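The model shown is predicted, which means the values in this text are computed figures rather than measured ones. Because only heavy atoms are used, hydrogens play no part in the values below, and waters and symmetry mates are left out as well, while side chains stay in.
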Amino acid sequence: IVYAAVPQEVPKQNVALNNSVKIDLNTADVNALTHVIKGIGAKRAQAIVIYRKEHQGFKSVEELASVPGIGKHFVEKHLLDLQTAFTVSK
């Protein structure tokens, strides 16, 4: 019997967490934001883009708590993942 390793497709989710490249909340589009971390799907990604346009960008990753549909509880629960995955350009 011969066993071979079968390469598995790397899911898009958590790509930024496994990568040294952070996604900029002030420049990323909906596709770039979707599934970066568990809990941010298309709806939340769209809400991030809308909030960014209405508030002239983000000043910090923690400001995601003000985005409708994300909220303070989600940010507190996932803060380390959010800080690892995202950055904010000045």
Side-chain angles (χ1 to χ4, degrees):
I1 297 176
V2 176
Y3 295 98
V6 178
Q8 294 181 337
E9 186 175 318
V10 176
K12 185 177 177 185
Q13 180 176 331
N14 296 330
V15 170
L17 300 180
N18 299 323
N19 192 329
S20 61
V21 177
K22 291 187 177 190
I23 296 171
D24 190 334
L25 289 173
N26 286 330
T27 59
D29 64 11
V30 172
N31 288 333
L33 294 167
T34 303
H35 301 299
V36 172
I37 71 163
K38 184 176 181 178
I40 298 186
K43 280 182 124 177
R44 283 183 168 163
Q46 182 64 42
I48 291 169
V49 172
I50 291 169
Y51 179 92
R52 177 179 73 209
K53 289 178 182 177
E54 292 175 350
H55 296 87
Q56 292 75 47
F58 287 89
K59 293 170 186 60
S60 69
V61 172
E62 293 79 7
E63 191 177 347
L64 285 168
S66 299
V67 176
I70 294 182
K72 184 177 178 180
H73 178 75
F74 180 85
V75 172
E76 287 174 352
K77 185 175 179 184
H78 300 282
L79 186 58
L80 186 58
D81 287 343
L82 291 167
Q83 290 172 332
T84 302
F86 297 115
T87 189
V88 174
S89 61
K90 304 289 179 188

Determine whether V88 and V61 satisfy the following criterion, side-chain contact (heavy atoms from CB on, under 4.5 Å), listing intermediate values before the conclusion. CA-CA 7 Å; V88 174; V61 172; 4.1 Å; yes
When rounded to the nearest 0.5 angstrom, what is the spacing between CZ in R44 and CG in L64? 10.5 Å
Residue pair I40 / H35, side-chain heavy-atom distance below 4.5 Å: no
Between T34 and A45 the two heavy atoms that sit nearest each other are OG1-CB, 3.5 Å
Point-to-point distance, once rounded to the nearest 0.5 Å, from CD of E62 to CG of L79: 5.5 Å
Would S89 and D24 count as having a side-chain donor-acceptor pair, cut-off 3.5 Å? yes
Over all heavy atoms of both residues, which pair between K22 and Q83 is shortest? Give the atoms and the distance, please. NZ-O, 2.9 Å
Please report the closest heavy-atom contact between A28 and I23, naming both atoms and the distance. CB-CG2, 3.5 Å
Please tell me if the side chains of D29 and V49 come closer than 4.5 Å, counting only heavy atoms from C-beta onward. no
Contacts of K43 meeting side-chain contact (heavy atoms from CB on, under 4.5 Å) (sequence neighbours excluded), chain-then-number -> none
My understanding is that only residues two or more places apart in sequence, or in another chain, count here; which of them pass side-chain hydrogen bond (donor to acceptor under 3.5 Å, both in side chains) with Q46? none
Centroid-to-centroid, F58 to Y51, below 6.0 Å? yes
Identify, with sequence neighbours excluded, every residue that meets side-chain hydrogen bond (donor to acceptor under 3.5 Å, both in side chains) alongside N26. none
Single-linkage hydrophobic cluster, 4.5 Å side-chain cutoff, L25 and I50 together: no
Donor-acceptor contacts under 3.5 Å from residues 65-77 side chains, at least two apart:
none

